[in-house]
Amino acid sequence: MKRYSVFAVAREALRYHQGWGRAWKSPEPKKKYDAVIIGAGGHGLATAYYLGKNHGLKNVAILEKGWLGGGNTGRNTTIIRSNYLQDASAAIYEKARSLYETMSQDLNYNVMFSPRGVMMLAQTQHEIRGYKRTAQANALQGVSTEFISPEKVKSLVPIINIDGPRYPVLGALWQSRGGTARHDAVAWGYARACSDMGMDIIQQCEVTGIRHENGQVQGVETSKGSIDCQKLGIVVAGHTGVLADMAGFRMPVESVALQALVSEPIKPCMDVVVMANTVHGYMSQSDKGEMVIGGGADGFNNYTQRGSFHHVEETVRALIETFPIISRLKMLRWWGGIVDMTGDRSPILSKTPVGNIFINCGWGTGGFKAIPGSGWAMAELIAKGHSSLTEEFSLNRFKEGKFIDESVAAGVAH
Ligand code: FAD
Ligand code: PYC
C-alpha cells in the first residue's frame, strides 16, 4: 500500500475541503469512448443519434470546435428534396426526406418541416430534356416527382414571370413533398436526443491531431486534451481535407464558399421553393416573411466563411428577370459557409485507409436535406462495418471510376 507523509495527507485534505476531489484516491482509469464523432453539424449529430438509437452504442462523444450547428448546418437555405438522378442517390436522399416527415415526433422537437413543394425551373431546352429524364428515373426509383407546364408553374407561383426575354419558364421538375425545415432545430433536436442518451457533446473542442497505431485508430488530440476511442467518425464538411491530413491520408474534395442572403420580411407571397439553375439562383419565403435567396458557389477554393458583394449582385441580378418584385426589396443580411465538393457532386460515406476511422463528407452544396438519411447510413457503417445505403458512396469509387454523377441534380452552380 502506498504511504503518505503527514504533510501530503494534510495537503490532500485541504484540496478535498476546497472541493478539488479526492486527489489521493488512485486516478480513475482514462475513459475510452466506443465512438468519437468529430463535428457537431447535422451529419455528425445524426450519426451519433442513430448509433445510439439503432445500434445501442451510447458511449459516444461528439467534438465540436465551435458551437453545435454553427457550420453549414446553421448556414444553409434549408431546401429538402430527393429528385436526384442516380439510384444510389435517390435511395439515400429519399430515405432522408421520409425521415424528415416524422423527425419532429421522433425527436420530440419541432423542426418545422414544411413539405410545401420544391420546383426546379426548366429555362432552356436542355433543362427540359434533363428534368423529364429525372422525372422518369424518379418514377422507377419510387420517388414522387413530375414535369409540369409553365401554366402550372404560374398557378403555383403567381409572382413569377414566365415570359422572361432571355430565359422564359418552359416548365419545371416538381416535387410536391419536398420543402424546408428549421436548420438550427434539426441540430438542436438531434443534440438533445444524443444528450438524453448519455452522450457527451463537447463544444469549443477543436481536434488538432489523430492518433493511430499499427493501422488502427487510438484517439484524438484536442484543444481540451487527449481523448481515446475505439472508432472515429470524421464529419467536418469543409474541413475534411484538414482532418484527413491529420490522419495521414488525402481526400478527393475541395473546399469553397457558398453564400446566401435574406431580404427584409414581406407579406406572404410565395409558398413553394423555386430553384432556377440556369440563372444560378433560388428562392423561398421564410416563416418570418424574409425572401431566402441563394446563388452559385465561389469559383475558387477558399475557407472564407462569409459573403461577398459581387455574389449578392450576381445572384439578385439573375433572379430579377424571373421574379421582378424582388428588385424593390432591401437586403437584411448575408453570409457564407464552406462546402466540401467532390468531382461527381456526390457524397463520400466510407471506411478510410486507417482502421476504424470512417469519413462522411462531400455533401457540397446539398447536404442539409440528407442529414437524417446520412446519419442513419453512417451509423450502420460505423456499427456494423457495412451499409447498403453507403456502399456506392465509398472512396473506392474514385479508384474504380464508378462515379455517381449528380452535377445537374446538385442544383447549384459550381
Ligand atoms: P457542418 O454543419 O459544417 O458541420 C461540420 C462541423 O465540423 C462544423 O460545426 C465545424 O465547426 C466542425 N469542425 C470542423 N473542423 C473541426 C475540428 N478540427 N474539430 C472539431 N470540429 C470541427 N443543403 C441542402 O440540402 N439544401 C440547401 O438549401 C442548402 N443550402 C445551402 C446554402 C448555403 C449558403 C450553404 C453554405 C450550404 C447549403 N447547403 C444546403 C449544404 C448544407 O448546408 C451542407 O451540406 C450540410 O449542412 C453539411 O452538414 P455537416 O454536418 O456535414 O457540416
Ligand atoms: O441542394 O437543393 C439544394 C440546394 C439549394 C440551395 C443550395 N442547395
Side-chain angles (χ1 to χ4, degrees), residues 36-47 62-84 93 96-97 100 118 120 175 178-181 183 186-187 190 202-210 220-224 234-243 245-246 255-261 273-277 280-284 292-298 303 305-307 311 315 334-341 345 347 349 359-371 374-375 378 406 409-414:
V36 161
I37 305 294
I38 311 175
H43 289 263
L45 290 162
T47 300
I62 304 124
L63 312 180
E64 168 55 51
K65 76 170 177 177
W67 64 98
L68 66 91
N72 294 330
T73 298
R75 293 163 189 269
N76 68 75
T77 47
T78 79
I79 299 176
I80 296 169
R81 57 187 175 84
S82 58
N83 54 357
Y84 283 69
Y93 286 106
R97 198 206 55 76
Y100 265 114
V118 175
M120 292 170 117
Q175 183 168 28
T180 58
H183 46 15
V186 171
Y190 276 125
I202 310 173
Q203 301 182 81
Q204 306 288 312
C205 179
E206 178 169 4
V207 173
T208 52
I210 296 178
V220 291
E221 301 303 328
T222 79
S223 51
K224 288 187 191 284
I234 302 176
V235 197
V236 294
H239 289 85
T240 295
V242 180
L243 271 292
D245 199 37
M246 292 178 198
S255 295
V256 298
L258 180 68
Q259 303 174 33
L261 62 134
V273 179
V274 181
M275 300 177 68
N277 300 333
H280 304 165
Y282 56 90
M283 192 161 84
S284 63
V292 182
I293 295 172
D298 276 358
Y303 287 101
Q305 215 174 15
R306 58 170 188 260
H311 253 284
T315 304
W334 91 108
W335 64 91
I338 302 302
V339 297
D340 42 338
M341 311 294 302
R345 305 311 186 222
L349 296 97
I359 199 147
N360 178 340
C361 64
W363 294 99
T365 60
F368 175 69
K369 66 176 80 65
I371 284 171
S374 153
M378 196 64 196
E406 290 293 4
V412 174
H414 359 73

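Read the numbers this way: they start at 1 and go in the same order the structure lists the ligands and their atoms.
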Counting heavy atoms only, which of [options] comes nearest to [atom]?
| atom | options | answer |
| --- | --- | --- |
| atom 29 (C) of ligand 1 | Val339, Asn76, Val273, Asn72 | Asn76 |
| atom 4 (C) of ligand 2 | Asn277, Ile80, Thr365 | Thr365 |
| atom 39 (N) of ligand 1 | Thr365, Val220, Val242 | Thr365 |
| atom 10 (C) of ligand 1 | Met275, His239, Glu64 | Glu64 |

field: Derivation and outcome, side chain to side chain contact (heavy atoms under 4.5 Å, CB included), residues Tyr100 and Ile371
entry: CA-CA 9 Å; Tyr100 265 114; Ile371 284 171; 4.0 Å; yes
For [atom], grab the closest protein heavy atom and report residue, atom and distance to one decimal in Å.
| atom | value |
| --- | --- |
| atom 53 (O) of ligand 1 | Ala237 CB, 3.3 Å |
| atom 50 (P) of ligand 1 | His43 CD2, 3.5 Å |
| atom 17 (C) of ligand 1 | Val207 N, 3.8 Å |
| atom 13 (N) of ligand 1 | Val236 CG1, 3.7 Å |
| atom 23 (N) of ligand 1 | Phe368 N, 3.1 Å |
| atom 30 (N) of ligand 1 | Thr77 OG1, 2.9 Å |
| atom 4 (O) of ligand 1 | Gly41 CA, 3.4 Å |
| atom 21 (N) of ligand 1 | Lys65 N, 3.1 Å |

What distance separates [X] [atom1] from [Y] [atom2], expressed to the nearest 0.5 Å?
| X | Y | atom1 | atom2 | result |
| --- | --- | --- | --- | --- |
| Phe368 | Thr77 | CZ | OG1 | 9.5 Å |
| Trp363 | Arg345 | CH2 | CZ | 15.0 Å |
| Ile38 | Ile234 | CD1 | CD1 | 5.0 Å |
| Leu243 | Ile359 | CG | CD1 | 7.5 Å |

query: Of all the atoms in ligand 2, which lie at a distance below 4.0 Å from a heavy atom belonging to Lys369?
result: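 Within the 4.0 Å cut-off of Lys369, ligand 2 contributes 1 (O), 2 (O), 3 (C).
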- request: Please identify which atoms of ligand 2 are closer than 4.0 Å to at least one heavy atom of Tyr282.
  value: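 Atoms satisfying the 4.0 Å criterion: 6 (C), 7 (C).
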Does ligand 1 have a heavy atom under 4.0 Å from the side chain of [X], from its backbone, from both, or from neither?
| X | answer |
| --- | --- |
| Cys205 | backbone |
| Ile38 | side chain |
| Thr78 | backbone |
| His183 | neither |
| Leu63 | backbone |

- prompt: Does Gly366 reach ligand 1, in the sense of a heavy atom lying below 4.0 Å from it?
  reply: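 So Gly366 counts as touching ligand 1.
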- prompt: So is Cys361 in contact with ligand 1, going by heavy-atom distances below 4.0 Å?
  reply: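 No, that is not the case, since the closest heavy atom of the residue is not under 4.0 Å from the ligand.
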task: With heavy atoms under 4.0 Å as the rule, classify the contact between Phe368 and ligand 2 as side chain, backbone, both or neither.
output: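 Near ligand 2, Phe368 shows nothing, with every heavy atom at 4.0 Å or more.
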message: Once you restrict to heavy atoms under 4.0 Å, what part of Leu258 touches ligand 2? Side chain, backbone, both or neither.
response: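 Neither; no heavy atom under 4.0 Å.
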query: Is any N or O atom of Gly367, backbone or side chain, closer than 3.5 Å to an N or O atom of ligand 1?
result: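 Right, the criterion is met.
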message: Need the ligand 1 atom indices (1-based, order shown) with element for anything under 4.0 Å from a heavy-atom of Lys369.
response: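 Going through ligand 1 atom by atom, the ones under 4.0 Å from Lys369 are 24 (C), 25 (O).
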- prompt: With a 4.5 Å heavy-atom cut-off, do Arg97 and Lys369 have their side chains touching?
  reply: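 They are not in side-chain contact.
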